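Report on the structure given below.
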Number of protein chains: 2
Amino acid sequence: MLSKKTKYGLKALAYLGNQKNRKPVQISEIAEHENISQKFLESILLSLRKSGFLSSKKGKGGGYYLLKDPDQIYMTDVMRVLEGPIAMVPCVSLNFYESCDDCPDERTCSVHKLMLQVRDSALAVYRNNTLQDILCNQPKDEK
Amino acid sequence: MLSKKTKYGLKALAYLGNQKNRKPVQISEIAEHENISQKFLESILLSLRKSGFLSSKKGKGGGYYLLKDPDQIYMTDVMRVLEGPIAMVPCVSLNFYESCDDCPDERTCSVHKLMLQVRDSALAVYRNNTLQDILCNQPKDEK
DNA sequence: TGAAAACTCTACTAGATAAGTAGGGTAATA
DNA sequence: TATTACCCTACTTATCTAGTAGAGTTTTCA
């Protein structure tokens, strides 16, 4: 299952991506618009900021804004920060590899064989989508 | 993450699939060979039996055995029984659909848009794999 | 027949994780 | 300089996972 953290994080990113300009948007505005607990959203935006997707401005008129254009923000990176490993088992993870302590040989492991394919297919989707691709306001000037 | 239940269930199915004949195999044998707690495995095999993948024989010389040939056991069905919905959010689930209470419109939801693709890609993998495909002893007579 | 082998079922539990809550602190801006 | 709004830590509640415990039932073989 997708965690609420990931779900809310994606929605917040999309909300920021849908802004006409890159003026800071207050947490309270995002929280209200997307039906998210404000305090919970704070912690999520914080981790997105620490990972380099967002920046923030303090004081009156402050808030969060995207650091990059939506078409430069890949879902692969977003998902790894919000949800963690893309693989369903550590023994097929690219970035978080760990061997299974109960499995004598990965090469003959049925689970490994299946999960490797699942990981590759998920990865293909995430690599093929940027934030731009999942916005509702698609730009009119398509390439 | 893949639950241990699913992992063990897949391993047990693969173990049975790798048997030369379809004689019943004892729980204890599977548990020992695959490093699984016997009691936990019991409950997993029970649910696989109730779902029609396995049958069991009681008494001396009893055990579990596959009801169908490995190439007739689809991962789509196995995963749904062991792990539950294949979709990462209920609003894109084929068999366990539920609308999100916090989302005003699925058609403009970024999360929906992305997770729909993820579901489809995972589904494609599971539909394309039977138990036969993930065994280590592939039959020599390929079609 | 009867005892042992082996599955069946219910109930309980420790530990981890998710999802939030609470509340004070700090920095920036009008 | 007061207000706005981000920043951070600690705590809590609920749910789920991965078992554990133990008694019960059925079947088979000697």
Side-chain angles (χ1 to χ4, degrees), chain A residues 1-12 16 23-51 53-67 81-85 88-90 96 100-102 111, chain B residues 1-12 16 23-51 53-67 81-85 88-90 96 100-102 111:
Chain A
M1 277 302 240
L2 199 72
S3 69
K4 297 268 182 189
K5 181 184 172 189
T6 304
K7 186 178 175 185
Y8 294 162
L10 285 173
K11 287 202 168 195
L16 292 174
K23 278 215 200 111
V25 179
Q26 295 167 37
I27 291 182
S28 60
E29 181 183 335
I30 306 177
E32 194 174 345
H33 201 272
E34 300 292 338
N35 294 306
I36 306 172
S37 141
Q38 177 160 341
K39 278 293 191 178
F40 191 29
L41 183 58
E42 265 189 35
S43 71
I44 297 168
L45 292 181
L46 201 60
S47 81
L48 285 172
R49 189 181 68 82
K50 285 182 178 162
S51 310
F53 297 105
L54 304 175
S55 190
S56 62
K57 199 165 167 255
K58 291 184 182 177
K60 203 165 190 176
Y64 278 96
Y65 56 94
L66 289 179
L67 265 183
V81 165
L82 291 172
E83 190 76 4
M88 292 181 80
V89 280
F96 303 84
C100 303
D101 42 356
D102 60 322
V111 177
Chain B
M1 277 299 245
L2 199 73
S3 69
K4 297 267 183 188
K5 181 184 172 190
T6 304
K7 186 179 174 185
Y8 294 163
L10 285 172
K11 287 200 169 198
L16 292 174
K23 278 215 201 108
V25 178
Q26 295 167 36
I27 292 181
S28 60
E29 180 184 335
I30 306 177
E32 193 175 346
H33 201 272
E34 300 293 339
N35 294 304
I36 306 172
S37 140
Q38 178 161 342
K39 278 293 193 178
F40 190 29
L41 182 58
E42 267 186 35
S43 70
I44 297 168
L45 293 180
L46 201 61
S47 81
L48 285 172
R49 189 181 69 83
K50 285 182 178 163
S51 310
F53 297 106
L54 303 176
S55 190
S56 63
K57 197 162 169 261
K58 291 184 182 177
K60 206 166 190 175
Y64 279 95
Y65 55 94
L66 290 178
L67 264 183
V81 165
L82 291 172
E83 189 76 5
M88 291 181 81
V89 280
F96 303 84
C100 303
D101 42 357
D102 60 324
V111 176

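Labels below follow one simple rule: chain letters A, B, ... track the order of the sequence lines, proteins then strands, and each chain is numbered from 1. This is a predicted model, so every value here is computed, not measured.
- Atom CD in B/E83 sits roughly 11 Å away from atom C1' in D/dT17 (whole-Å rounding).
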Next item on the list: Under the side chain to side chain contact (heavy atoms under 4.5 Å, CB included) rule, what do B/M1 and A/V89 come out as? Steps first, then yes or no, please.
Entry: CA-CA 6 Å; B/M1 277 299 245; A/V89 280; 5.9 Å; no
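- From the 5' end on, the contacts that DNA chain C makes with chain A at under 4.0 Å to a non-hydrogen atom open and close at C/dA19 to C/dT29.
- Using a 4.0 Å cut-off on heavy atoms, the residues of residues 29-39 of chain B that approach DNA chain D are B/S37, B/K39, listed by number.
- Without hydrogens or angle criteria, B/D102 side chain to A/N35 main chain gives no donor-acceptor distance under 3.5 Å.
- The separation between B/E42 atom CD and D/dT20 atom P is 12 Å, rounded to whole Å.
- In terms of position on DNA chain C, the residue among B/V25 and A/F40 whose nearest nucleotide sits closer to the 5' end is B/V25.
- In this structure, B/I27 CD1 and B/L41 CG are separated by 6.0 Å, a value rounded to the nearest 0.5 Å.
- Nucleotide D/dT4 holds its P atom 6 Å from the NZ atom of A/K60, rounded to whole Å.
- Between atom OG of residue A/S37 and atom CD of residue A/E42 there is a gap of 9.0 Å, rounded to the nearest 0.5 Å.
- The side chain of A/R49 contributes no N or O atom lying less than 4.0 Å from OP1 or OP2 of D/dC6.
- Annotation: side-chain contact (heavy atoms from CB on, under 4.5 Å) contacts of B/T6 (sequence neighbours excluded): B/L2, B/S3, B/L10, B/M79, B/L82, B/E83.
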Next item on the list: Please lay out, stage by stage, how B/V81 and B/K50 fare under the test side chain to side chain contact (heavy atoms under 4.5 Å, CB included).
Entry: CA-CA 10 Å; B/V81 165; B/K50 285 182 178 163; over 6 Å; no
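- Remark: nothing in residues 3-12 of chain B comes within less than 4.0 Å of DNA chain C through any heavy atom.
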Show each protein N/O and nucleotides 9-11 of chain D N/O combination with a separation under 3.5 Å, one pair to a line.
none

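- Note: B/L67 CG to B/S51 OG = 11.0 Å, rounded to the nearest 0.5 Å.
- Distance, B/Q26 CD to D/dT27 C1': 14 Å, rounded to whole Å.
- Separating the CG atom of A/D101 from the C1' atom of D/dA18 is a distance of 14 Å, rounded to the nearest angstrom.
- Between A/F40 and A/S43, the shortest heavy-atom contact is O-OG, 2.8 Å.
- Taking side-chain N and O atoms only, A/S43 has no distance below 4.0 Å to OP1 or OP2 of D/dC8.
- Just one residue in the list B/V25, B/L48, B/L54 forms a side chain to side chain contact (heavy atoms under 4.5 Å, CB included) with B/L66, and that residue is B/L54.
- The distance between atom CG of B/L2 and atom C1' of D/dC16, rounded to the nearest whole Å, is 15 Å.
- Looking at residues two or more places apart in sequence or on another chain, you find no ring pair (Phe, Tyr, Trp, His ring centres under 6.0 Å) involving A/F96.
- Note: A/I44 CD1 to A/K4 NZ = 11.0 Å, rounded to the nearest 0.5 Å.
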Margin query: Determine whether B/K7 and A/C100 satisfy the following criterion, side chain to side chain contact (heavy atoms under 4.5 Å, CB included), listing intermediate values before the conclusion.
Written below: CA-CA 11 Å; B/K7 186 179 174 185; A/C100 303; 3.6 Å; yes
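- By the 6.0 Å contact criterion, CD on B/E29 is enclosed, its count of non-hydrogen atoms from other residues, nucleotides or ligands being greater than 12.
- In this structure, the CG atom of A/L45 is 12 Å from the C1' atom of D/dC7, given to the nearest Å.
- Spacing between atom CD1 of B/I27 and atom P of D/dT20 amounts to 15 Å, rounded to whole angstrom units.
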Item checked: Trace of the side chain to side chain contact (heavy atoms under 4.5 Å, CB included) decision for B/Y64 with B/K57 -> CA-CA 6 Å; B/Y64 279 95; B/K57 197 162 169 261; over 6 Å; no
